[in-house]
Amino acid sequence: MKRYRHYNKDTAIILSCFGSVIEQDRYFEFQNYIQEAFKGIPVYMAFSSKMVIKKLAKEGKEYKNLPQVMADVDMEGYKKYIVASINVFPTDEHEVLKKMVKGFREFSLANIRYTNALLHKTKESSLFLKWLDEEIREGDEELVNLYIIHGVPVLDLAGLESVRYTADFLKVLNQNNLSCSLEGEYPFYAVKDAIKREILAKKEQNPNLKVNIVPFLLVSGNHYDNDMKEICDEVSEYCDASIVRDLDGSGKFNLLGLQKVREIFRDNIAVEMKKLGC
């Protein structure tokens with residue numbers, strides 16, 4: 001087939017991320033980590049948030065979404081490439097990624113694979129959540145960790161079980177773990193009174209009770225600066241509360257800066273590399 005002669009390069013990796021108006025550099029730091037892990041294989045970046053892409057374009061910063069980057073990689077002539085899902089849960093963003101990959105497979109001669117999201121496999125997810133909660137607690141079993149995820153917009157979405165398992169597993173780990181979302185299942189604005197009742201009940205048993213607000217987000221962008229601080233202020237009205245300390249020395253808590261998170265994403269890519277015969 002004449003068209004295939006144009007596929008004269010071997011393998012590439014595309015990191016498909018949501019994007020952030022104020023935390024893009026964190027994604028590029030992660031890109032450098034992946035580039036170091038897979039030496040000799042080019043690593044491209046794609047961002048799924050059109051809002052982020054448009055806002056940054058006004059600042060003269062040009063970024064592309066996944067279909068644009070896949071088209072570029074195809075035009076470059078790569079015979080095979082991996083689209084890495086840099087998402088916490090295998091929900092809406094991950095599902096769109098899968099559809100894009102399947103769409104490109106219809107007309108591209110390249111061998112294209114995609115990876116799992118962060119919290120996809122039961123064992124890896126359980127071990128990571130257990131490690132994270134222990135790191136945050138630092139041995140304080142009475143500390144209340146209020147985990148806040150971004151959330152998904154609908155209740156019949158694929159991957160929602162991963163969100164529910166995370167919340168349930170954290171509660172099993174420690175009865176002082178609570179969780180809610182910003183705009184998904186059990187959103188803070190709708191359940192904050194119930195959270196308040198539960199925290200106050202715990203405070204009766206422990207007057208020195210402290211609450212950690214844990215942003216369960218890949219990067220500490222606008223949601224961190226706005227929503228997390230607002231939630232922390234509300235909880236502080238009735239209990240000693242603060243946003244959890246950073247674990248990576250960045251100044252703000254974020255998941256993508258954690259070595260264990262990076263390793264899971266790296267290993268997901270390595271699995272697909274083997275399937276490509278690399």
Side-chain angles (χ1 to χ4, degrees), residues 18 20-23 25-26 88-89 118-119 125-152 162-262:
F18 184 78
S20 172
V21 174
I22 63 176
E23 289 284 325
D25 287 347
R26 217 174 277 284
V88 178
F89 300 105
L118 178 68
L119 300 181
S125 300
S126 301
L127 290 175
F128 167 68
L129 292 170
K130 186 175 185 297
W131 171 84
L132 180 63
D133 196 60
E134 289 174 351
E135 286 293 304
I136 292 173
R137 289 190 172 282
E138 297 183 296
D140 186 354
E141 292 301 309
E142 294 189 359
L143 177 70
V144 172
N145 284 335
L146 174 55
Y147 290 88
I148 303 173
I149 69 169
H150 182 273
V152 294
S162 174
V163 180
R164 292 169 181 162
Y165 177 78
T166 297
D168 291 344
F169 185 76
L170 287 169
K171 189 70 173 179
V172 168
L173 282 179
N174 191 297
Q175 62 180 359
N176 282 342
N177 282 335
L178 304 174
S179 63
C180 65
S181 73
L182 294 178
E183 50 189 56
E185 282 191 316
Y186 305 106
F188 181 77
Y189 64 81
V191 301
K192 59 183 179 181
D193 289 339
I195 290 174
K196 180 178 179 179
R197 286 196 300 272
E198 191 159 354
I199 291 176
L200 288 178
K202 296 178 185 299
K203 192 176 180 181
E204 287 183 3
Q205 304 299 319
N206 178 12
N208 298 319
L209 188 72
K210 293 183 179 180
V211 178
N212 257 337
I213 307 298
V214 186
F216 209 73
L217 306 169
L218 273 179
V219 299
S220 46
N222 282 328
H223 282 309
Y224 183 100
D225 288 344
N226 299 320
D227 301 289
M228 299 302 164
K229 290 183 178 178
E230 182 178 332
I231 291 172
C232 186
D233 288 342
E234 286 200 40
V235 176
S236 294
E237 292 178 1
Y238 55 86
C239 191
D240 184 1
S242 59
I243 298 177
V244 64
R245 65 181 178 84
D246 65 290
L247 299 180
D248 65 340
S250 66
K252 293 181 179 180
F253 180 88
N254 68 99
L255 294 179
L256 197 56
L258 301 179
Q259 183 65 19
K260 284 190 179 292
V261 169
R262 295 185 177 204

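When a residue number appears, it is its place in the shown sequence, counting from 1.
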So Phe216 and Tyr147, would you call those rings parallel, tilted or perpendicular, with 30° and 60° as cut-offs?
-> perpendicular
List for me each residue that meets side chain to side chain donor-acceptor pair (under 3.5 Å) alongside Lys196, sequence neighbours excluded, and say none if there are none.
-> none
Are Asp133 and Arg137 within salt-bridge range, i.e. N to O under 4.0 Å?
-> yes
Supply the atom-to-atom distance Lys130 NZ to Phe169 CZ, rounded to the nearest 0.5 angstrom.
-> 8.0 Å
If you take all heavy atoms of Trp131 and Leu258, which pair is closest and at what distance?
-> CZ3-CD1, 4.1 Å
Does some side-chain heavy atom of Leu119 sit less than 4.5 Å from a side-chain heavy atom of Phe128?
-> yes
Atom CD of Gln175 with >12 non-hydrogen neighbours under 6.0 angstrom = no
Heavy atoms, side chains only, cut-off 4.5 Å: are Ile231 and Leu182 in contact?
-> yes
State, yes or no, whether a side-chain contact exists between Leu247 and Lys260 at a heavy-atom distance under 4.5 Å.
-> no
Roughly how far apart are Glu23 CD and His223 NE2, rounded to 0.5 Å?
-> 12.5 Å
Which heavy atom of Ser179 sits nearest a heavy atom of Ala167, and at what distance?
-> OG-CB, 3.3 Å
Spacing of SG belonging to Cys180 relative to CD1 belonging to Ile148, to within rounding of 0.5 Å = 4.5 Å
Is Asn176 reaching over with its side chain to a backbone N or O of Glu142, donor-acceptor style, under 3.5 angstrom?
-> yes
May I ask you to test the Lys252-Ile243 pair for a side-chain heavy-atom distance under 4.5 Å?
-> no
Less than 4.0 Å between a side-chain N and a carboxylate O, is that true for Glu138 and Arg245?
-> yes
Minimum heavy-atom distance Ile195-Leu146, with the two atoms named = CD1-CD1, 4.1 Å
Compare every heavy atom of Pro215 with every heavy atom of Ile213, then report the nearest pair and how far apart it is.
-> O-CD, 3.4 Å
Check whether any side-chain heavy atom of Phe89 sits under 4.5 Å from a side-chain heavy atom of Val152, and report yes or no.
-> no
Enter the distance from Asp248:CG to Asn254:CG here, rounded to the nearest 0.5 Å.
-> 5.0 Å
Roughly how far, to the nearest 0.5 Å, is CD of Glu234 from CZ of Phe188?
-> 4.5 Å
Between Asn174 and Glu141: side-chain donor-acceptor atoms closer than 3.5 Å = yes
Sub-4.5 Å side-chain heavy-atom contact between Leu209 and Cys239 | yes
Are any of the side-chain heavy atoms of Ile136 and Val214 separated by less than 4.5 Å?
-> yes
For the residue pair Asn212 and Ser242, establish whether any side-chain heavy-atom pair is separated by less than 4.5 Å.
-> yes
Does OH in Tyr186 sit with more than 12 non-hydrogen atoms of other residues, nucleotides or ligands closer than 6.0 Å?
-> no
Glu198 bridged to Lys171 by N-O distance under 4.0 Å | yes
